Amino acid sequence: GYTVLDAGDGAAALELARGHAGPIHLLVTDLAMAGMRGRELARAVAQLQPDLRVLFVSGFPGDELERRGLLEAGRPFLSKPFAPEQLAEQVRQMLVG
């Protein structure tokens with residue numbers, strides 16, 4: 001039941017967000033992307049959409065990412081691989097509460 005805007009990389013996602021007329025409630029982004037990193041994308045989209053929620057995903061464990069300073073402690077995070085049901089549940093929790 002969600003409307004999804006799909007982009008192949010960070011630059012395309014930012015361009016899509018800039019051109020989107022309505023609100024974007026949730027950004028799901030990988031932390032380690034070529035070109036624009038996930039945190040960089042999240043900051044840029046949040047400037048356009050102040051109420052934006054962000055779910056980070058990565059193939060690296062969350063504790064490793066936190067130790068390297070790539071993920072702030074307590075930020076919503078899913079470690080790959082994850083089941084579609086895990087993603088759906090996390091999205092539901094972040095949007096509905």
Side-chain angles (χ1 to χ4, degrees):
Y2 302 115
T3 299
V4 176
L5 306 173
D6 184 32
D9 60 28
L14 182 54
E15 193 60 32
L16 191 60
R18 284 184 177 135
H20 186 68
I24 297 174
H25 300 285
L26 176 66
L27 171 67
V28 179
T29 183
D30 199 310
L31 277 163
M33 298 183 292
M36 180 181 292
R37 303 267 187 236
R39 282 179 53 182
E40 202 179 345
L41 173 61
R43 278 192 293 273
V45 176
Q47 289 180 347
L48 304 169
Q49 301 274 340
D51 295 328
L52 181 73
R53 295 176 183 106
V54 180
L55 172 60
F56 291 108
V57 299
S58 179
F60 296 99
D63 56 345
E64 173 73 16
L65 294 166
E66 287 178 20
R67 196 175 82 247
R68 290 183 179 191
L70 300 173
L71 178 67
E72 297 164 11
R75 295 286 290 193
F77 174 76
L78 275 178
S79 184
K80 294 180 195 176
F82 49 82
E85 297 80 19
Q86 289 174 289
L87 175 61
E89 178 60 28
Q90 185 71 43
V91 167
R92 214 174 2 264
Q93 285 179 9
M94 291 182 73
L95 294 177
V96 178

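This structure is a prediction, so every number in the text was calculated from the model and none was measured.
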Worksheet item: Is there a path of hydrophobic side-chain contacts, each under 4.5 Å between heavy atoms of I, L, V, M, F, W or Y residues, that connects Phe82 with Met33?
Response: no
Discussion item. Count I, L, V, M, F, W, Y as connected when their side-chain heavy atoms are under 4.5 Å apart, and connections chain through other members. Are Val28 and Ile24 then in the same cluster?
Written reply: no
Looking at [atom1] of [X] and [atom2] of [Y], how far apart are the two atoms once the value is rounded to the nearest 0.5 Å?
| X | Y | atom1 | atom2 | answer |
| --- | --- | --- | --- | --- |
| Leu78 | Lys80 | CG | NZ | 10.5 Å |
| Asp9 | Asp30 | CG | CG | 12.0 Å |
| Arg53 | Asp51 | CZ | CG | 7.5 Å |
| Leu26 | Leu5 | CG | CG | 11.0 Å |
| Arg43 | Met36 | CZ | CE | 10.0 Å |
| Leu31 | Leu70 | CG | CG | 7.0 Å |

For [X] versus [Y], what's the shortest heavy-atom pair and its separation?
| X | Y | value |
| --- | --- | --- |
| His25 | Pro23 | NE2-CG, 3.7 Å |
| Leu41 | Gly10 | CD1-O, 3.5 Å |
| Ala46 | Leu52 | N-CD2, 3.8 Å |
| Leu71 | Arg39 | N-NH1, 4.1 Å |
| Ala7 | Ala12 | CB-C, 3.8 Å |
| Ser79 | Phe60 | OG-O, 3.9 Å |

Worksheet item: Quick one: does Glu64's side chain have a donor or acceptor within less than 3.5 Å of a partner on Pro61's backbone?
Response: no
Given side chains that start at C-beta, do those of [X] and [Y] come closer than 4.5 Å, heavy atoms only?
| X | Y | value |
| --- | --- | --- |
| Phe77 | Val57 | no |
| Ser58 | Leu65 | yes |
| Leu14 | Leu48 | yes |
| Leu55 | Leu87 | yes |

Enumerate donor-acceptor pairs with a distance under 3.5 Å from any side-chain N or O in residues 89-97 to protein atoms, sequence neighbours excluded.
unit_1	atom_1	unit_2	atom_2	d
Glu89	OE1	Arg92	NH2	3.2
Glu89	OE2	Gln93	NE2	3.0

